[in-house]
Amino acid sequence: MKEVENILNELNTAQQEAVQCIDGPLMVIAGAGSGKTRVLTYRIAYMLTQGIDPFRILALTFTNKAAAEMKERIFKLVGGSNAKSVIMGTFHSVFYRILRAEGDKLGYTHNLTVYDTDDSKSVLRSIIKEMNLDPKVYVVNTVLSRISSAKSSLLSAEEYANNHEITQIDAANGRPHIAEIFIRYNRRLKNSDAMDFDDLLYYMNVLLRDFPEVLYKYQNRFQYILVDEYQDTNYAQYMIIKKLAAAHQNICVVGDDAQSIYAFRGANIQNILNFKRDYPTARVVKLEQNYRSTQNIVNAANAIIKNNKDQLFKEVWTSNEEGDRISIVQSASDNEEAQFVANTISDYKVNYHVDNNQFAILYRTNAQSRALEEALIKRRIPYKIYAGVSFYKRKEIKDILAYFRLTINHYDEESLRRVINYPQRGIGATTVEKVIICAREHKVHLWDVVDNPDAFQLDVNTAAKVKLQEFATKIKSYTAMLQTSNAYDLGKHIAFNSGLIDELKSDITEKERLENVEELLDSMKEFTEKEPETSFNEETGEIITEYFPSLDRYVENVALLIDDDQEKEKDLDAVKLMTIHAAKGLEFDYVFLTGMEENLFPSSLALNTRQELEEERRLFYVAITRAKKKLTLTHCKTRYKFGSLQFCEPSQFLDEIPECYIKTTKKASAGRGAFAQQRQGGLFSKSYPSTFTTNLKPVASAQPKPKVIDNPLAAQVGRPATLEDIEEDTRVYHSKFGYGMVVSTEGEGPEMKAIINFDTVGTKTLLLKFAKLIIPN
DNA sequence: ATGGAGACCTTTTTT
DNA sequence: AGGTCTCCAT
């Protein structure tokens, strides 16, 4: 174990203060790149050197990755079982563990299943169908988000239904039945002995609220609480923390209000802004020295975030070198933007011998990745996209996990429905429907009917009944093995015995899915052989150092896991592509932030309120502060959106960067005037032919891209027209028809048309997205 | 039962 | 454009 002095010597003054202040409430405002994780881990290490019992320390994170990383780093600092024994994990996983132990008080069992978002949606779909509601009105996503935010605000379904304000909003939106759906949804989950993600927080609150002895127990257990990313907590999380910390007040929250970017998921920035109000005696430590980025980047980021009203004061600074100025580059189209980025990366690699993995290309929306990918492929630059479906959300993985879950919990309705006829075993949709109706009529579980159709006078033919019972028998045979076979043995048995493996093998195109199942089995093997982590019995507080690695243990662990192949990713030398959200917490030498355009970033959907715009600005702040050495912002004049070509204006955020940090000057005028400005020069002045040729094999989807609107005449006679330009009596120039006057317009957005009376060729009706009109000088 | 055509809808997404 | 969902035809 490291000595106390050593731990403290590696920290600056503010960091030391944050580390040593272990009693009483503390808020650490950690600016970007200020060594937040370092403080968190050193703080825990420090506490351990002070003789604090690791079992008394609770550290909550938002991601499994963050928890794992912290664990590893603490282990390196202090080593041994001490580090392992700190209760560290995501909000959801820690509370899931507690709820499994205490859930009987709320009418759940210790086999409690967690439904992920897909499961929730599937339940909702079936309820909406059962209620004969129009799925086009009751859009699953909308309904789920209503329910989710209610739960995050600790509103029960009944309170929701009885709240006039809420029901009136729903009614006004034409969805008066959401409250009823909510009630049924909860009932369905309860009946399945399942909780969704929000329930894990909601019921943890209920537990602490309604059972004083439980509250007392955990207040006593967790005498030191640390919360990472506090700015992203929602109300439910906030309340849990508040209740747990109420007795001892040893609560340390770490975060950065400037990096709060998850309001759309219920995160409430007020939690961090109001910490002082909640804990008047709280100490506040600000980590303001940035160790990551150049002065230009840090200063630009500071200047931008100043435009937000909701924030805590802090002045981030760095002693790093001044560095390159920020480049702003305009391209004619999204494809050219992508080519520019790829070419620049190539240049850097050649000139400065930079590895691929020091580059990141960031964007606001996932859809933007395609053009970038194609350009990188052309340039033969290895890349990896960080997005898409996580391993545990893949169909084949969910299928096999559904078998596991059903084995453990027969009442898990979603799992039952998922696998009852997959692989096909002659239990068709009609039979399943009848089972559902029958179960609802008798108010029993689907499983009960499947297991014993005759007991409930199920109205299907004998053959179907036999098949149902065969299925139930099969599952029960798995259940019987839970105590005798370890997770790997049973998992493998189920994979083969259920027919799942054969099903995947039979279809040659499913090879990847088969491999994924094999990978899952590998991970089960690893789990089975792994030395168990120290745990403790929630009920008795007894420390458990050994347990049988059974399937239910495995599922418990995997239920809330997302990342899988972190290890592989670490040494992968590839350019990284991801959304800005996904980039939070990461850093790269060279960052390209693409699509700096109005309506894309900031998103057109975030322009309604100041709060929304401020969140976009924080997102911009996060993006900028990812860069260590060099930041390049790109935007283009046209971009394909939803399949049609759109004109784009530079993002208003570009105007917020003081010119002294920008490589190429940018005139102050925003909006129209800024549109035609050229932003080239310096390092990026080199132009690349737009028909960049290589002798490589063509890109996967090598369809010829529609020719970009890039009219060379524009520079001579005027600027390209935007949709907003076109109105009655607007004077325009067309490369083929010459000058003319707009007579009238019809339609909106990409489909907007204009009737134009041309001086020489007469009246024409033009679809504006194709017309390449120019506003004459 | 199963698959193909067409309609529809697009932000971000730690669990 | 592209993915997902629905519905209809086979």
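In what follows, chains are A, B, ... by sequence order, proteins preceding strands, each numbered from 1.
- Atom pair A/D196:CG and B/dT15:C1' shows a separation of 10 Å (rounding to whole Å applied).
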Grab the N/O contacts between the protein and nucleotides 8-11 of chain B below 3.5 Å, and write none if there aren't any.
from: B/dT11; atom 1: O2; to: A/R364; atom 2: NH1; distance (Å): 3.1
from: B/dT11; atom 1: O2; to: A/R364; atom 2: NH2; distance (Å): 2.7

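- A straight line from CD of A/Q259 to C1' of B/dT14 spans 14 Å, rounded to a whole angstrom.
- Side-chain contact check for A/Y230 versus A/Y238: some heavy-atom pair is nearer than 4.5 Å.
- Less than 4.0 Å separates DNA chain B from at least one heavy atom of each of the following residues of residues 577-585 of chain A: A/T579, A/H581.
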- Item | A/Q311 and A/R618: CA distance, side-chain angles, deciding distance, side-chain contact (heavy atoms from CB on, under 4.5 Å) verdict | CA-CA 10 Å; A/Q311 62 177 316; A/R618 290 192 293 268; over 6 Å; no

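- Rounded to a whole Å, the CG atom of A/D118 is 17 Å from the P atom of C/dG3.
- Out of C/dC5, B/dT14, B/dT15, the shortest distance to the side chain of A/D232 is found at B/dT14.
- Using a 30° and 60° split on the angle between ring planes, A/F91 and A/F95 fall in the perpendicular class, above 60°.
- Counting only N and O atoms by type, the side chains of A/T634 and A/E337 include a donor and acceptor under 3.5 Å apart.
- Taking atom C1' in both C/dG3 and B/dT14, one finds a spacing of 24 Å when rounded to whole Å.
- B/dT12 and C/dC5 have their P atoms separated by 16 Å, with the value rounded to a whole Å.
- Side-chain N/O atoms of A/R265 include none lying less than 4.0 angstrom from OP1 or OP2 on B/dT15.
- What separates CG of A/L200 from P of B/dT14 is a distance of 16 Å, to the nearest Å.
- For the 3.5 Å distance criterion, the side chains of A/Y640 and A/S333 fail to qualify, holding no donor opposite an acceptor.
- Side chain to side chain, A/R188 and A/S126 meet the donor-acceptor criterion of an N or O pair below 3.5 Å.
- Ring centroid separation for the pair A/Y203 and A/Y108 comes in under the 6.0 Å cut-off.
- Put simply, OH on A/Y386 is 19 Å from C1' on B/dT12, counting in whole angstrom units.
- In this structure, the OH atom of A/Y138 is 20 Å from the C1' atom of C/dT6, given to the nearest Å.
- A straight line from CG of A/L99 to P of B/dT15 spans 18 Å, rounded to a whole angstrom.
- Residue-level contact check: A/Y262 touches the bases, meaning some heavy atom is under 4.0 Å from a base atom.
- No hydrogens or angles considered: nothing links the side chains of A/N271 and A/K242 as a donor-acceptor pair under 3.5 Å.
- A donor atom on one side chain and an acceptor atom on the other are not found under 3.5 Å apart for A/R617 and A/Y621.
- Straight-line distance between the P atoms of C/dT4 and B/dT13: roughly 15 Å, to the nearest whole Å.
- Comparing A/T430 and A/L619 by the nucleotide of DNA chain B that holds the closest heavy atom to each, the one mapping nearer the 5' end is A/T430.
- Protein atom CG of A/L60 is 19 Å distant from nucleotide atom P of B/dT14, rounded to whole Å.
- Between the side chains of A/E229 and A/Q231, a donor-acceptor pair is found at a separation under 3.5 Å.
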